[in-house]
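Everything below concerns the one structure shown next.
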Amino acid sequence: MSIDLKGRDFLTLKDFTAEEILYLLDLAASLKEKKKLGIPVDIHRGKNIALIFEKTSTRTRCAFEVAAHDLGICTTYLAEGSQIGKKESIADTARVLGRMFDGIEYRGYGQEMVEALAKYTEVPVWNGLTNEYHPTQMLADMLTIREHLGKLKGLKLVYFGDARYNIGNSLSIVCSKLGLNLVLCSPKKYAPNAALIEECKVWQKESGGTITLTEDVKAAAKNADIIYTDVWVSMGEPDEVWAERIADLKPYQVNADVMKLAKPEAIFMHDLPSFHNLETKIGQEIGEKFGLAAMEVTDDVFESKQSVVFDEAENRMHTIKAVLAATLGNNF
Ligand code: CP
Ligand code: NVA
């Protein structure tokens, strides 16, 4: 059966079948190969897309811009200075942008914002991260795992940290769809909501994947194929949460002792940015205040041979290119 994603929104991977997700991974791999060989793929020449960023970004913004340019698409970046959410509702914004652009990317706060954009416009809307989901990150992560470990089904992926936010939620969905065994290791109050875990069970019946929730770091890390973590405090959360978050999540830091429990060939992943050292201004302030040298991952693990974080970052571009290419309507 051929897969046609023309016109589809990309809001959460809940809306995509395993076959569709695997199709996007294959398309990304082929676009990556073409890029390395210098083969042009500017199949969407003459199209225009809007990139709305209500939160900061390095990878996602650059990935959308470079991917779009490679496909022949012009981009318009909207952040500070636009009327969105201030003088103009998301519904009005959607109807305006839909008249001018062939697609709209949105990074912001509540998932309801990106859903509203999609509701009020005919053109594809792509989620560049909300508090709840980060679906383009998941495509890059799955492509990276497949490149390094040769498969997806049956692998043990262990996530340490705040599992009830965009990364924990999105890993729950993609692992359940593609048949990975996901272990979410965090204090109980940071587990994804029960309704999402229930929803995932439906996809697990087809894929054979599992989700295990645990607070036991050693049992979680044992024989892992992939160790994954994310920042302890996400964009948009208030500064006041730092003290509680550090106290709660410090025992879940990924360090050499944790990596030793995983398989020798295990890989370390992080969506980035990361506080693996505290060289940035925010890092230094937090480090000094709380007496830390690193947060969610230690520097030795981040810089180790097992770390694939920069492959993962590069793959953001190839996978986002696949999403743009497919939803704007080209079958390769
Ligand atoms: N991983 C990720 O989304 O990075 P940015 O916040 O830099 O876009
Ligand atoms: N959970 C993080 C992911 C960053 C890519 C955040 O929302 O800030």
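Atoms within a ligand are numbered from 1 in the order they appear, just like the ligands themselves. Treat the numbers as computed from the prediction; the structure is a model and nothing was measured.
Checked for salt-bridge contact, R146 and D26 meet the test: a charged N lies under 4.0 Å from a carboxylate O. The existence of a salt bridge linking E115 and K119 is excluded, since no basic side-chain nitrogen approaches an acidic carboxylate oxygen closer than 4.0 Å. The pair D15-R8 does not meet the salt-bridge criterion, since no charged nitrogen lies less than 4.0 angstrom from a carboxylate oxygen. Between K35 and E314 no salt bridge is recorded (no basic side-chain N to carboxylate O distance below 4.0 Å). Between K289 and E285 there is no salt bridge, since none of the side-chain N atoms of the basic residue sits less than 4.0 Å from a carboxylate O of the acidic one.
Atom CD of E206 is surrounded by 12 or fewer heavy atoms from other residues, nucleotides or ligands within 6.0 Å.
Contacts of D162 with ligand 2, taken as heavy-atom pairs under 4.0 Å, are absent altogether.
Sorted by chain then number, the residues whose non-hydrogen atoms approach ligand 1 to under 4.0 Å are S57, T58, R59, T60, R107, H134, Q137, D271, L272, R316.
In terms of protein heavy-atom proximity, atom 8 (O) of ligand 2 is closest to M235 N, 2.8 Å. The protein non-hydrogen atom at the shortest distance from atom 7 (O) of ligand 2 is N166 ND2, 2.8 Å.
Ligand 2 lies nowhere less than 4.0 angstrom from a heavy atom belonging to T60.
For ligand 2, none of its N or O atoms has an N or O atom of D271 under 3.5 Å away. Polar contact check, S234 against ligand 2: a nitrogen or oxygen pair lies under 3.5 Å apart.
Cluster note: M235 groups with L129 through ILVMFWY side-chain heavy atoms spaced under 4.5 Å, whether in direct contact or through intervening members.
Shown in contact with L272 at under 4.0 Å from a heavy atom are these atoms of ligand 2, numbered in order with element: 5 (C).
A cation-pi geometry, defined here as NZ or CZ lying under 6.0 Å from the six-membered ring centre and within 45° of its normal, holds between R61 and Y77.
The structure places CG of L155 at 12.0 Å from CG of L182, a figure rounded to the nearest 0.5 Å.
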